Amino acid sequence: MRFPKRGKIRLLLSVGAALWSCLTVAACEQEPIKIGFSGTLTGPFSDLGIHGRNGARMAVETINKAGGVHGRPLELVVEDDGGTPEGAIQADRHLAGLGVVAIIGHMTSALSMAALPVTQETGVPLISPTTSTPLLKGRKDLFFRVQPTTDAAARALARWVTGKPFLKTVCTVRDTRNDAYTAPWEGTFVAEYERLGGKLPCRMTYGDADPTAVQALIHALRVERPDAVLLVSSARDAAYFLRSFASEGITSHLLSSAWAQTEAFLAESGRLSGNVIFATENMPTDSTARLRDFSWEYRKRFGIAPSFAAVKAYDAVQLVYSALKETTEKREELVRALSRSRTLDSLYGSLTIDAYGDTSGPYFIVGVKEGRFAVLEFLPGEAS
Amino acid sequence: MTPKPSLQDLVRAFFFRRLLLPFAVVSLCALGAVGALQLRDLYRDHAFFVKVLDRYVTTLLSGAYKTLREKALSLEESAGAGKELSFSSPVGFHRVFVFETAGELASSPVGSFRVPPSVDIPLSYFPNLDEWPAVSVPYFSGRLNTLTLAVMVRAERFAALGELNLQSLEKLINDFSQSAPDNIVIVLDQYGNVIYHPNPQIMRCQENLVHEPLIRRALTYWRPQALFDTLDGRFVFAYSWRVAPWGWILLAARPITHALVPSLFWGVLTAIAAFSLLFSLLMSFRHRLDQLVVRPITHMTTVLDAVARKRKLPDLGPLAKEAPFSELALFARELERTSRAVVEREAALMAQGRELHRILDSIGDGVILTDACGRIVRMNAEAEHLTGWFQTQALGRPVGQILTFADPKTGKLLENLIHRVLTSGTAQKFPRPCRLERRGRFPGPCDP
């Protein structure tokens, strides 16, 4: 054997370099587009965040199975905002640093509002699945959502309550930890209810659902004896109040918002759940064939039934996907695409999203029948 | 003619072909064998631990099921119908509730399942209460501040519902992980929901890991399986085991970087060291070869060159004395002796030639010597006299130009006798009479 000549070595090096280039180019072509998810995965409001994360992950997997965006797969990067404004800011900054093109989140209005300055600063659009506060309505910013604003639902509930002969007086109870959501919701309800001639003997707030706070509320309700109590609270708190009221003999009808409409409420309130009526933008997840299909797939994937948060997070990722298809993965172009008015064929039906990123759709009165959420009445929607 | 490779090239090619290349191949094979052995050991360790874990989980869940069933049946058989009992911390559980349910349990959906208000265990976390065994997906209980699962057992009229205490399971896994910190042990339910994970935050977040390629593959196997795939962006070697009939997946894994890199690192380092040693050996050998063989041979060629160019012979005595091996010394001595003999012989020949030349010049006949082409190379004084050409003028000229013969009567030039000699190669006699045409003088007879 002769010692390898330089020509041969050069040829081998060239072939190696060419192969490496091909592999590098191929790898670059397959590089995923990162989408962030920032939600509350721990703590008392974690049911929304966990279902939201699961729904977003299902959407990403569905999109990737269908070929991704222009051949590139999506990758979901998950961060826990810890349920605090500081956590939300930190999570969003971290996600922006990781190079995500958009963030799906947050799951509550208070955290979305807290994170908005970071969104503006980093230029990463925030697409919230469940934020429904009207405080963010009509703004030209980087905030988008697939959840209709709550003020219309609150007004619809006020009109619905006003027509009922057995509901003459209503007391309100709201959680101040999510003021961005609960304050407008309760305020809109009160304003509309009073406009229609209704009486509100008491308006109460709480910061922590501990026994002392509950006792104070129960005492007030015993004094006022309202026909109905409106609970603008999380699912766990609503279930806790429900059980406490039942054990203390409070017989008022209970009204609540979409925030409490989760499986956690059903789980923790047991058979008492049938005593609550929700004014909501979200249909139960077995109301339509598409929702039933989604619910079946979700059960197969995670072992439990999805909540509206999962459905909304799925739709939020689909919104980002539809915008990404119209553009490249550059953030500026994505924001421009998201800012275009569009109709999203969501799992809940057709949603109209305007240039401000606000969504409008129908509303429902939902109750619990045989341990499942069921639509009791359709309420006419309002233009947002 | 293609140039021959140098001795250095030959030696280098020989070393490359016979030493370095086989060494590289053997090194690669050895590294592969080391890696395979490492993986085999890892496989055995993981298989052993996972079997222990399987036995533990089976005992835990079977015991839990048995405890719940006994509690439900004991309440049913007692006179306590209509009562609800709760146990704060029975063995294996955080809490247990035993309560009377509505009739037609088997067909009743979760929502219509009559659970007393005091029972705050989420029934919605049970994938299917109608199937046996009824175990919920894992969930993080804020009240207990830990991850747990609910197990439900139904008797005729009563049902027992308990939240599993997984602390002992975590302790067992932690003990194993402490003995081998690079190992990753993950316990999942049949949907890929995390029951145990080394990262507590993942447990708190109730993460589902099916999006990880390794977990997705592990969930497809019902039998113990060795797997090689990515987990959290790292390639891992794993061993998975499904705990029947609960459907839990036990997974013991180790990143390839941790499993193979240390041994491969030392293996590669050893190979590089050995390779470097061999290479330095080769370089040293080449240097010595150059010093001992190549340079002396080059020096000896100067002797031959001096012989050829009739220059003064270089002295090979020191080389013969200082030659590092006897063959070279002998060769140097012989070369010097031979070279001197050749030089002396050549000097003798030259002296003899000069003597012959003098004899040739002194004889009375004209003598002209030509080469095979008939060009004059030598002529004596008598030939100069006869032809009228000086030797210095005639050298190199065709002999026919110097020697021309003519008929003395007619003056006609005769046949070129020299040409006939050159072509026939035999001696020829001059024709008579003839006359030699001399340069610038009167012609002379052919045979004076």
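Heavy atoms only: backbone and side chains are in, while hydrogens, waters and symmetry mates are out. Chain A is the first sequence line, chain B the second, and so forth, proteins listed ahead of strands; every chain is numbered from 1. What you see is a predicted model, and the numbers here were worked out from it, not measured in a lab.
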Tell me whether the count of non-hydrogen atoms from other residues, nucleotides or ligands lying under 6.0 Å of CZ in F14(B) goes above 12. no
Return the option, out of K369(A), R57(A), E61(A), with the maximum number of heavy-atom pairs under 4.5 Å with chain B. R57(A)
Under 4.5 Å to a heavy atom of chain A? For E207(B) that would be both
Turns out that what part of V210(B) lies under 4.5 Å from chain A's heavy atoms comes down to both
Can you confirm whether or not the ring centre of F241(A) sits under 6.0 Å from the ring centre of Y206(A)? yes
Using a strict 4.0 Å threshold on nitrogen-to-oxygen distance, state whether R53(A) and D80(A) make a salt bridge. no
Parallel, tilted or perpendicular for Y298(A) and F302(A), by the 30°/60° rule? tilted
Specify whether F373(A) and F265(A) have parallel, tilted or perpendicular ring planes, treating 30° as the upper limit for parallel and 60° as the lower limit for perpendicular. parallel
Is it the side chain or the backbone of N208(B) that comes within 4.5 Å of chain A heavy atoms, both, or neither? both
Less than 4.5 Å to any heavy atom of chain A: does that hold for the side chain of Y125(B), its backbone, both, or neither? both
Comparing V368(A), L266(A), I50(A) against chain B, the one with the most heavy-atom pairs below 4.5 Å turns out to be I50(A)
